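These numbers come from the heavy atoms of this one structure, side chains and all, not from hydrogens, waters or symmetry mates. A note on names: the letters A, B, ... follow the listed sequences, proteins ahead of strands, and every chain is numbered from 1. A quick note: this is a predicted structure, and the numbers were derived from the prediction, not measured.
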Amino acid sequence: MGIQFFNTYSREIEPFEPMNPPRVKMYTCGPTVYNHAHIGNFRAYVFEDLLQRHLEARGFEVERVMNLTDVDDKTIRGSRAAQQPLDAFTQQYKSAFFDDLKTLRIKPASAFPAATDPRFIARMIEMIDTLMQRGFAYQADDKSIYFRLSKFPDYGKLAHLNLDELRPTGRIRNDEYEKESIGDFALWKAWDEADGDVAWDSPWGRGRPGWHIECSAMATALLGPQLDIHCGGVDNIFPHHEAEIAQSECCTGEKFVRYWLHCAHLMVEGQKMAKSLGNFFTLRDLLNKGWTGRELRYALISVNYRLPLNFTFDGLAAARSALQRIDEWARRLADLANLHAGEWSAANSELAIKFANDFLAALDDDLNISAALGHLFESIRESNRLLDQNQLTPADAHELLETWQRINSALAFEPDVAAIPAEVLALVEERKAARAAKDWKKSDEIRDQIAALGWEVKDTKDGQKLSRKQS
RNA sequence: GGCGGGGUAGCCAAGUGGUAAGGCCGAGGUCUGCAAAACCUCUAUUCGCGGGUUCGAUUCCCGCCCCCGCCUCCA
């Protein structure tokens with residue numbers, strides 16, 4: 001069985017066949033940089049990262065683009081409130097976003113195009129112009145340009161919505177009466193006072209681009225008319241991704257996206273995350289509480305992307321415990337392998353081979369991470385048992401470790417490397433002497449001193465082992 | 001109202017027409033100067049509820065209940 005994904009468009013599991021293997025063109029909707037991204041946003045980005053990493057583990061070359069929305073109602077409002085120019089205002093959140101990606105071990109995309117980049121503004125104008133010429137767009141009395149939905153009967157197919165049955169929810173602005181049809185969305189928004197000095201010239205007057213056209217313009221400019229994979233949160237399905245399809249296909253005449261993958265929402269302690277509920281968290285909030293990026297990464301990645309994820313602090317604690325167990329296991333393997341470096345003749349470890357096959361096959365199946373982690377922990381238990389019984393050869397240990405490293409290229413769960421302070425090393429030496437003299441009292445005192453410095457020392461048959469203490 | 005996703009042990013969660021992976025937590029044990037780690041054992045006769053199909057359903061069908069999301073610029 002090859003790789004297969006659930007395609008939102010067909011609502012079915014489909015075999016994954018990119019246009020030009022091994023190349024994969026992937027577009028992922030990025031953040032609107034008007035504040036710090038929250039953990040719900042990062043659930044989507046972590047999912048996309050796992051997707052990319054697994055495709056790469058399977059030999060694909062992924063070219064991924066993630067856009068940055070740095071002009072829209074919220075960024076403009078924010079910059080005015082902060083009395084900063086728009087670019088200065090958004091720049092701080094762009095930087096913070098990149099820091100957060102790093103903390104969560106999310107691989108950088110091949111490109112992070114920003115909506116305000118003159119090159120892409122030009123591209124957007126060009127696309128809108130094409131749509132105007134072909135009759136897919138029109139200028140309304142308010143001078144804005146709108147997409148003419150009546151010309152694109154496929155609109156609604158991705159979301160499987162019947163447009164005639166849409167229920168008005170009050171989110172439709174009443175002042176858009178100039179539009180031909182209530183669903184027509186803005187491609188170009190004519191300047192108004194609230195925009196301040198944020199405006200670009202266009203054939204239709206000064207204004208700024210609509211949100212949807214951004215993605216269509218940047219995706220097709222950087223990846224071509226057709227994408228293999230387009231990701232985002234389920235909330236983007238309608239209307240954003242519908243609009244992208246409409247704009248792109250009416251411009252290029254080609255099918256825009258082959259596989260649509262959407263991840264479900266994150267909830268917090270069983271409720272929707274909202275500032276008003278006091279359960280709204282950014283990555284920084286969690287770091288300040290003593291959690292690490294990889295712990296959050298584990299918590300976010302360990303539930304299948306199509307299921308709603310209930311984020312809890314119990315879940316983070318479970319992530320911490322699971323990661324420590326993985327760390328300890330990998331260290332035991334490394335210790336055994338290193339102790340006998342040079343004795344690694346071809347092991348053909350059945351355990352390692354089965355581990356790799358089972359794990360990767362699980363991820364092939366629409367990123368079934370739960371099953372994949374199940375195989376990981378089964379392998380851990382089995383090899384730990386063999387280690388306890390001195391039945392694991394150094395060659396097996398070496399091979400298992402290599403297998404783990406390959407698998408971990410998709411997970412990125414390795415421990416943060418921390419240099420052991422000289423002070424701690426000195427205490428360990430001192431303790432070694434005390435232990436040789438069976439001075440248990442002194443040994444325990446030094447253990448406490450080491451703990452006070454943030455490190456944990458464990459006594460094994462191969463001597464003391466140090467690890468960073470978790471907060 | 002429309003569309004979609006869910007309800008599996010204390011929590012998270014995989015899964016199949018043939019009798020319930022895995023993780024976390026908890027209890028007991030082995031090991032250990034102690035501690036930690038690791039390992040072993042135990043923890044759902046049962047998979048929201050009621051019917052049906054079947055030799056047999058958690059898995060298929062019908063009905064019902066509950067939760068969550070989207071319904072025009074929130075990942």
Looking at [Y], is its backbone amide N or carbonyl O close enough to the side chain of [X] to form a donor-acceptor pair, meaning the two atoms are under 3.5 Å apart?
X: Glu242(A); Y: Leu158(A); answer: yes
X: Asp70(A); Y: Ala115(A); answer: yes
X: Gln139(A); Y: Ser144(A); answer: no

Base, sugar-phosphate, or nothing for [X], non-hydrogen atoms under 4.0 angstrom?
X: Leu307(A); value: sugar-phosphate
X: His38(A); value: base
X: Arg43(A); value: nothing
X: Phe185(A); value: nothing
X: Ala319(A); value: nothing
X: Lys74(A); value: sugar-phosphate

For the [atom1] atoms, the ones on [N] and on [M], what distance do you get once it is rounded to whole angstrom?
N: G7(B); M: U58(B); atom1: P; answer: 16 Å
N: U43(B); M: A37(B); atom1: P; answer: 23 Å
N: G18(B); M: G50(B); atom1: C1'; answer: 24 Å
N: G6(B); M: U19(B); atom1: C1'; answer: 25 Å
N: U59(B); M: G48(B); atom1: P; answer: 8 Å
N: C67(B); M: G52(B); atom1: C1'; answer: 26 Å
N: G69(B); M: A44(B); atom1: C1'; answer: 29 Å

For [N], which nucleotide in any strand shown is its Watson-Crick or wobble partner with both distances under 3.5 Å?
N: C3(B); answer: G69(B)
N: A21(B); answer: none
N: C47(B); answer: none
N: A14(B); answer: none
N: C31(B); answer: none

Pairing residues for [X] by the side-chain contact (heavy atoms from CB on, under 4.5 Å) criterion, not counting sequence neighbours:
X: Asp117(A); result: Arg119(A), Phe120(A)
X: Ser181(A); result: Asp184(A)
X: Glu193(A); result: Trp191(A)
X: Ala330(A); result: Leu401(A), Trp404(A)

Which of the following nucleotides, [options], is nearest to the side chain of [X]?
X: His160(A); options: C3(B), A38(B), A13(B); result: C3(B)
X: Asp235(A); options: A35(B), G22(B), C74(B); result: C74(B)
X: Arg325(A); options: G23(B), A13(B), U72(B); result: G23(B)
X: Ser370(A); options: A38(B), A21(B), C70(B); result: A21(B)
X: Arg381(A); options: A38(B), A14(B), C40(B); result: C40(B)
X: Ser321(A); options: C73(B), C25(B), C40(B); result: C25(B)
X: Ala186(A); options: A38(B), A35(B), C73(B); result: C73(B)

Polar atom pairs between nucleotides 7-11 of chain B and protein, under 3.5 Å, N or O only, would you list them?
none

Does any donor atom in the side chain of [X] or [Y] lie under 3.5 Å from an acceptor atom in the other side chain?
X: Arg320(A); Y: Thr292(A); answer: no
X: Asp396(A); Y: Thr393(A); answer: yes
X: His262(A); Y: Thr8(A); answer: yes

Under 3.5 Å, N/O pairs linking protein and nucleotides 31-33 of chain B:
from, atom 1, to, atom 2, distance (Å)
G33(B), O6, Arg435(A), NH1, 2.3
G33(B), N1, Asp444(A), OD1, 3.1
G33(B), N2, Asp444(A), OD2, 2.7

Between Leu376(A) (CG) and C24(B) (P), how many Å, whole number?
-> 11 Å
Report yes if at least one side-chain N or O of Arg385(A) is closer than 4.0 Å to OP1 or OP2 of A38(B); otherwise report no.
-> no
Given C40(B), is OP1 or OP2 found less than 4.0 Å from the side-chain N or O atoms of Asn384(A)?
-> no
Please confirm whether His212(A) and His241(A) have ring centers closer than 6.0 angstrom.
-> no
Result for 5'-nearest mapping on RNA chain B, choosing between Cys263(A) and Ala372(A), is Ala372(A)
Please tell me which of Arg332(A) and Asn368(A) maps to the more 5' nucleotide of RNA chain B, matching each residue to the nucleotide holding its nearest heavy atom.
-> Asn368(A)
Candidates Gln4(A), Glu14(A), Arg306(A) - the one meeting side chain to side chain contact (heavy atoms under 4.5 Å, CB included) with Asp366(A) | Arg306(A)
